[in-house]
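By convention in this document, chain letters (A, B, ...) are assigned in the order of the sequence lines, proteins followed by strands, and residues within each chain are numbered from 1.
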Amino acid sequence: MGKYDNVEGIARRTMILFFLIDTSNSMSGTKIGEVNDAIEGVIPEIKEISASNADALIKIACLTFSTGIKWMYPNPVDVNDFKWSYVNAGGMTEMGKAFEVLNEKLSRNEFMAEVAGSYAPAIFLLSDGAPTDEYKEAIDKLKKNNWFKYALKAAVAIGDDADKEMLATFTGDDELVLTAHSPEALRKVIRFVSVTASKIGSKSSVSTQTNNAKQDDFAEQITEFNSDLIDSQNDNW
Amino acid sequence: MIDLKRNERIQIKNGSKAEVIQKIGEGGQGAVYKVHYAREDYAMKLYFPRAIKRKNEFYANLENNVVNGSPNASFLWPLYITEIKNGTFGYLMKLRPAGYEDFSKILTAKVRMDSDLAIINAALHLVNAFKDLHSKGYSYQDLNDGNFFINPTNGDVLICDNDNVAPYGQNVGVDGKSRYIAPEVVTGKSRPNVHTDRFSLAVVLFMLFFRGHPFEGAKTASHCCLTEQLEKEYYGVHPLFCYDPKDNSNRPVRGIHNNVIRLWDMYPKYIQDAFTKVFTVGIKDVNERLTEREWTNILLRYRNATIHCSCGCYNTFEDESQVRLTCADCGAEINRPLILTIKKNKIYLYPDSRLYTYQVEDTDDLFQESGIVIVNKANKSLWGLKNLSKNSWIVEYAGGEQKVIPSGGVLVLLKGTKIFFGNEYSGEIN
Amino acid sequence: MIIGNKNISNIKSFALSQIGASHKDYEICEDYSGSYQDDIMSIVCVADGHGDSRCVRANIGSQIAVEVGIQAVREFISNQPNIDLKDTKETDKAFVQLKSYILYKWLEKIKEHLDYNPLKDDERRLMDIEMQEEYERDGTIKYFPLLYGSTFILACVTNGFYFALQLGDGDVVLRTKKAYIFPMPEDERCVGNFTTSLCNADAIDSFRHFYEKGSPRALFVCTDGLKNSFAESKFLFLFLEKVGENVLESGEVKAVNDLSVFLDTLSEMGSRDDISIGAIIDIGE
């Protein structure tokens with residue numbers, strides 16, 4: 001009997017993919033239908049990445065916001081166990097509240113508690129319209145959160161009336177705001193950001209003050225993707 | 001030493017008794033208590049019996065200081081002295097008001113100065129305090145980062161431990177901390193005096209601006225411990241300025257002296273030159289150490305050329321040949337604004353820039369304001385100078401037209417304008 | 001596997017590194033470890049060279065860090081036998097000087113290494129474009145420390161007191177009579193898989209330390225590959241307890257061997273990263 005035969009609690013490092021989804025009134029109908037489809041459709045691909053990437057376990061946390069906010073599950077779920085739960089649209093766009101709640105959960109005492117859950121998360125914001133609540137203070141607070149600072153971030157602006165400038169304050173870079181003008185484009189975008197983030201997210205990095213190689217890498221790939229996407233858009237919303 | 005208890009009473013010389021409220025602190029020399037005396041609350045410093053070497057001399061000097069009064073509002077000065085009892089004595093001073101932070105906290109970035117303007121004003125207050133101290137014939141003798149406090153918002157300074165201030169030429173047995181005290185004191189060649197004060201002042205100013213020590217660099221970092229002997233060597237016997245132009249062997253090291261490396265280049269050459277002079281030729285030749293007046297002129301020149309970017313950051317034009325600067329915070333390009341020249345003052349006229357009273361009247365107060373540059377609400381590109389003083393100004397525009405700007409009035413900033421402030425003070429905008 | 005150890009009296013100290021499961025393809029272990037023991041002091045030290053692709057010589061950086069660190073602390077203890085821990089201002093000042101010295105020496109040694117070993121083509125290709133251009137133009141790089149970037153953790157037990165120094169991620173774990181704790185103050189910039197580093201321009205600001213009077217029951221230093229292999233801190237502590245027990249039960253040599261075999265498995269099943277552990281264990285208690 002070896003001394004270390006019964007060591008408990010061994011676990012793989014995890015990376016959390018956050019989806020923040022606007023489920024306000026303007027999203028109802030085709031838009032929310034396509035969001036549901038697109039994310040449900042991308043889950044199997046993320047499962048594949050998690051399986052082939054021995055270095056990290058990918059978990060999903062999903063938050064919907066309209067009038068008030070709701071977490072799909074109380075804690076981030078291993079992608080292999082994750083089942084997408086269809087969301088409906090209706091109500092206001094309380095994005096500020098969503099940011100507040102995200103800030104709370106991005107802490108060692110909350111979602112980032114697992115010692116092995118140590119890769120910087122990826123956070124995606126999907127929205128079509130401007131926030132109806134006071135979001136500026138919430139975003140400023142969020143920006144001071146170190147987990148948020150080092151996270152890979154992207155926003156998907158759904159449809160033409162999305163406030164892209166506002167979404168860029170979330171991502172910190174307007175190149176990380178992608179626009180989806182059609183259901184097909186939305187599917188492509190969601191798939192691309194999830195897959196890219198999962199691949200890039202799980203590598204170790206030096207914290208230099210001005211340089212974030214991973215975010216730069218992410219931004220580069222997104223920009224390339226975005227320019228390809230623009231060519232094949234058509235206004236369908 | 002047993003602490004004094006609440007309600008215990010101490011006899012004040014030539015007065016009644018002070019009553020102890022509570023202990024508020026302790027240092028190497030003694031303890032500080034909050035006391036009640038003559039219907040007011042004060043801080044009382046009471047020395048440990050063994051702390052003072054030449055008691056009679058010290059007591060006499062302290063009494064002298066009480067009688068002569070504080071040279072300057074920045075000093076937390078001894079107001080009343082106690083009787084000698086049980087081999088010891090103390091003195092009363094005002095309680096330290098709120099809002100002031102330990103200088104050592106600012107040095108280690110536990111507290112940040114609110115702005116570059118606050119840093120300049122703190123420097124001016126410090127220099128001012130010393131000027132007033134020295135003009136009364138005193139020298140401080142023990143300036144170091146434990147003695148003073150700065151208000152990070154406005155740069156107000158409060159200097160404490162004034163019990164060892166003594167008339168120039170006399171010394172009350174204080175040797176000073178080797179990192180601040182002049183080299184000739186470290187090596188024992190001289191006792192503390194006004195010249196050594198000026199050296200310490202330069203060290204403190206350097207630390208305020210660059211958050212590092214002028215004699216620390218590659219040489220001091222190359223030892224695992226700084227023994228007493230090494231300290232004496234680097235701060236006394238062979239001090240080498242970290243930016244000595246002729247010898248680069250003690251340059252600040254990246255990774256260790258990051259603040260100095262980053263901040264040194266942010267200040268104009270005339271400020272760098274001032275520090276270089278004190279810390280090279282000024283080591284051996286005490287007359288090469290900048291006087292308070294010389295520091296004041298340099299700091300005022302710097303403050304005059306400092307403008308307040310709309311993002312909140314303060315930036316400074318190096319000299320008149322600089323036509324543009326980039327804001328250090330937001331990156332905005334700012335062109336050199338119009339400059340108002342009054343005697344030796346070159347005041348850069350940018351929104352929120354101040355016209356100080358000393359520039360337009362005879363006064364020693366360097367902080368009182370007589371004017372401010374404001375932006376026209378209807379036309380943002382139109383700037384004016386608002387008269388905050390009680391006097392009217394007479395303005396003569398380039399075309400010859402004259403106008404009176406009363407107190408509260410605003411004159412539009414135009415090139416070629418002459419302003420007459422009264423009493424031989426006049427300026428021109430270009 | 002790299003080991004360093006020595007036994008004298010009741011204090012056993014050793015340090016070892018195990019290459020990570022995900023690094024086996026490249027055969028380079030970026031972690032390094034070392035230890036030193038004599039009549040007066042026990043020192044263990046580990047360092048984790050960054051996996052960031054720009055840090056092309058991280059494995060050299062971590063090795064130099066450990067060698068420089070141990071040497072510096074030996075000098076420190078010899079030159080300063082009587083630290084008055086109650087004078088916290090002076091004690092902290094002394095530690096700041098020691099940390100500055102370690103940074104100074106590390107920079108000196110990696111500069112030497114770069115001077116004697118110019119960059120090869122395959123190394124240059126991995127650097128930032130600006131750095132590549134600078135190297136082509138000037139034959140040197142101003143910010144070359146990034147190439148050798150590494151974390152640094154050192155623990156020392158000596159007469160009358162013990163202390164640890166840390167820059168970057170990884171952990172110092174202290175076993176007191178009652179419990180296991182993390183005695184180091186936190187570095188809030190070590191978040192996710194980001195870490196502060198010996199190569200940072202403001203390295204001295206992130207360089208932490210702690211010290212205590214007396215002698216600990218056990219003091220461990222480990223690179224983040226260890227903690228990241230466990231779901232929670234309590235499992236890490238349970239594991240370290242077994243490490244200590246094994247030394248007591250089976251003696252040091254066997255304990256180190258068992259550990260090095262297991263670390264291979266642990267990396268495989270857990271963090272996949274290089275893992276280093278340094279331990280100073282008092283078997284007398």
(message) Less than 4.5 Å to any heavy atom of chain C: does that hold for the side chain of B:Thr108, its backbone, both, or neither?
(response) neither
(message) Can you tell me if B:Lys23 has over 12 outside heavy atoms packed within less than 6.0 Å of its NZ?
(response) yes
(message) Looking at every heavy atom in both C:Tyr104 and B:Ala218, which two are closest together, and how far apart are they?
(response) CE1-O, 3.6 Å
(request) Sort out for me which of B:Ile256, B:Thr220, B:Ile261, B:Asn259 touches chain C most, counting heavy-atom pairs under 4.5 Å. (result) B:Ile256
(request) Return the option, out of C:Phe207, C:Tyr143, C:Phe95, with the maximum number of heavy-atom pairs under 4.5 Å with chain B. (result) C:Tyr143
(request) Give, as side chain, backbone, both or neither, the part of C:Lys99 having an atom under 4.5 angstrom from any heavy atom of chain B. (result) neither
(message) So which atom in B:Arg254 and which in C:Pro145 form the shortest heavy-atom distance, rounded to 0.1 Å?
(response) NH1-CG, 3.9 Å
(request) Could you pull out the closest heavy-atom pair between C:Ala72 and B:Cys224, with the gap in Å? (result) O-CB, 4.2 Å
(message) How long is the straight-line distance from NZ of C:Lys93 back to CZ of B:Arg179, given to the nearest 0.5 Å?
(response) 6.0 Å
(request) Report the distance from atom CD1 of C:Ile204 to atom CG of B:Asn258, rounding to the nearest 0.5 Å. (result) 10.5 Å
(message) I'd like to check B:Val253 versus C:Leu103 (side-chain heavy atoms, cut-off strictly below 4.5 Å). Are they in contact?
(response) no
(message) Need one label for C:Leu107: side chain, backbone, both or neither, based on atoms under 4.5 Å from any heavy atom in chain B.
(response) side chain
(message) Could you check whether atom CD of C:Glu188 has more than 12 heavy atoms from other residues, nucleotides or ligands sitting under 6.0 Å from it?
(response) no
